[in-house]
Every structure is written in structure tokens, then in C-alpha cells.
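To start, the structure itself, in C-alpha cells.
As the structure is a prediction and not an experimental result, all values here were calculated from the model.
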Amino acid sequence: LGINTFLLYLSDHVVIPVLAAGKYQLLIANNMGEVYSSSYDLAGFEVVKATPEISAEALDILYGQTTTVTVTVSPNATGTVSIIVNGKKYTADIEGTTATATIEAADIVLGENNVNVIFDGDGNYTMNYNSTTFMAYDNVVTNDTFFRYFDENGILLDTVPFDELIFKG
């Protein structure tokens, strides 16, 4: 028998183990002895990699802060994902079904920030990618942005990184 060939007798119950992607052959043999003539057949099959699900999330922040990008991939994916924020590449290891990277404040622009995530594939999955955005807000307080900086009682949030806020409108 050749490489990646399994022998299966019709009178047997055979469970084929989890197989890596590739081409395989199954040799099916009838060795029923007295009642039937012996015969065999060869069947080919292929195990192909699945396309993984991949998603990314990054919360909106105040300009000057770091943020964390969390990437979720299909179960059993292994290796790393590339996380690209405004052209700067970060690499994160997959642990379980997630990979995370802390994005440095210097790589974040005021306003909308683009995030592209790429999984190059592994023994189980093909390459896949996705994207998301997050916002980095400045220190300008308007009627529309008030609750980014203050709670419902008008008290400044502890997470505001600015020494000074500018009130407009």
C-alpha cells in the first residue's frame, strides 16, 4: 500500500482518524471467503482545509490612549494573526480562539482608525481576513460628545487622559 492509503475490509468497522489536508486512497477489500469471491476496489478522496471565520473588535478610545484589538478565529486554528492598524503591523499568537494586540498610542490617529486582520492559515484552515474600525476622539466637548467625557451626573470620567477639555457649543 502507498502513502496515505487505508485498507478497509468489508467485514470490518473502521474509523479513520482526523486527517490533515491532502489526498488519500481507500483500498476496500472483500475477503468473505467461502460465500463470495474476493475482490477489491480503490477509491480516492481529498481532505480540504476549511475557510475559518475571523472577526476583529477594537473599542473607541480617547486620543492619546492605547487600545486593544481582539481577533476571534474558528476553533482549533493555530499560529498567529497579523493585525494592521493604519499601516503598522502587529503580530499576535492565537490562544484558544482569540488573539489580542495592544496598539500603541503613537500608531493611532485622531478620528477613524482602520484595522485589518489576516490569518495566514494552518493545517486545518485556509487564509482569511477581515477588517473593522475604531474612533479616537479628541478633547473637544460638545453636546454630542459630552458623555464620552462625563458620567450621567456630570462628573469627569477617570479614563479621560486630557489635562484640559475644550467646550464648544
Side-chain angles (χ1 to χ4, degrees), residues 2-6 15-26 43-152 155-166 168:
I3 295 176
N4 293 341
T5 301
F6 297 93
V15 176
I16 298 175
V18 175
L19 300 173
K23 293 183 178 184
Y24 296 88
Q25 293 183 332
L26 185 61
F45 66 96
E46 184 173 4
V47 175
V48 295
K49 293 181 181 183
T51 301
E53 292 183 23
I54 184 170
S55 63
E57 179 183 41
L59 300 177
D60 294 344
I61 60 167
L62 299 175
Y63 186 66
Q65 293 180 321
T66 61
T67 191
T68 299
V69 175
T70 301
V71 180
T72 304
V73 294
S74 294
N76 301 317
T78 59
T80 61
V81 293
S82 297
I83 301 169
I84 304 162
V85 178
N86 301 321
K88 173 73 184 232
K89 181 178 177 182
Y90 293 80
T91 302
D93 293 327
I94 298 170
E95 296 179 14
T97 59
T98 60
T100 59
T102 300
I103 309 306
E104 299 299 322
D107 297 327
I108 298 171
V109 299
L110 183 62
E112 186 174 80
N113 288 264
N114 296 307
V115 179
N116 295 299
V117 294
I118 303 166
F119 173 63
D120 287 328
D122 62 10
N124 297 316
Y125 294 107
T126 61
M127 185 278 291
N128 203 1
Y129 62 94
N130 207 333
S131 63
T132 190
T133 60
F134 68 92
M135 294 294 294
Y137 298 104
D138 60 11
N139 63 339
V140 177
V141 180
T142 66
N143 289 339
D144 294 332
T145 65
F146 182 84
F147 290 108
R148 289 184 198 142
Y149 308 101
F150 298 93
D151 69 15
E152 64 277 355
I155 298 172
L156 184 66
L157 298 172
D158 291 336
T159 57
V160 176
F162 307 112
D163 294 331
E164 178 180 297
L165 293 174
I166 300 169
K168 290 189 177 180

Roughly how far, to the nearest 0.5 Å, is the CG atom of Leu59 from the OG1 atom of Thr68?
8.5 Å
Could you state the interatomic distance from CD (Gln65) to CG (Asp60), rounded to the nearest 0.5 Å?
11.0 Å
Specify the closest pair of heavy atoms between Thr66 and Ile61, including all atoms of both residues, with the distance to one decimal.
O-CG2, 4.0 Å
Rounding to 0.5 Å, atoms CG (Asn139) and CG (Leu110) come to a distance of 9.0 Å
In Å and rounded to the nearest 0.5 Å, what is the CD1 to NZ distance from Ile103 to Lys88?
9.5 Å
For Lys89 and Ser82 the tightest heavy-atom approach is CE-OG, 3.3 Å
Surrounding CD of Glu46 (heavy atoms of other residues, nucleotides or ligands, distance under 6.0 Å), is the total greater than 12?
yes
Does Asn116 form a side-chain contact (heavy atoms from CB on, under 4.5 Å) with Tyr129? I'd like the steps, not just the answer.
CA-CA 7 Å; Asn116 295 299; Tyr129 62 94; over 6 Å; no
May I ask you to test the Asn128-Thr51 pair for a side-chain heavy-atom distance under 4.5 Å?
yes
Shortest non-hydrogen contact from Asn86 toward Asn113:
ND2-OD1, 2.5 Å
If every non-hydrogen atom of Tyr149 is compared with every non-hydrogen atom of Val160, which pair is closest and at what distance?
O-CG2, 3.6 Å
Would a 4.5 Å heavy-atom cut-off, applied to side chains only, mark Thr145 and Tyr137 as touching?
no
Taking all atoms of both residues into account, what is the closest heavy-atom pair of Val69 and Ala58, and its distance?
CG2-CB, 4.0 Å
Within a strict 4.5 Å, meaning less than it, do heavy atoms of the Ser55 and Val71 side chains meet?
no
Could you point out which residue of Asn130, Thr91, Ile94, Asp120 forms a side chain to side chain contact (heavy atoms under 4.5 Å, CB included) with Val81?
Ile94
Could you tell me whether the side chain of Ile118 reaches within less than 4.5 Å of the side chain of Met127, counting heavy atoms only?
yes
Would you give the length of the straight line joining atom CD of Glu57 to atom OG1 of Thr100, rounded to the nearest 0.5 angstrom?
12.0 Å
If you apply the rule side chain to side chain donor-acceptor pair (under 3.5 Å), what do you find for Asp122 with Thr78, and how did you get there?
CA-CA 6 Å; Asp122 62 10; Thr78 59; 2.9 Å; yes
Could you check whether atom CZ of Phe146 has more than 12 heavy atoms from other residues, nucleotides or ligands sitting under 6.0 Å from it?
yes
If you round to the nearest 0.5 Å, how far is CD of Gln25 from CZ of Phe45?
9.5 Å
Which of parallel (below 30°), tilted (30 to 60°) and perpendicular (above 60°) describes Tyr125 and Phe119?
perpendicular
What heavy-atom pair brings Ser74 and Glu53 nearest, and what distance separates the two atoms?
OG-N, 2.7 Å
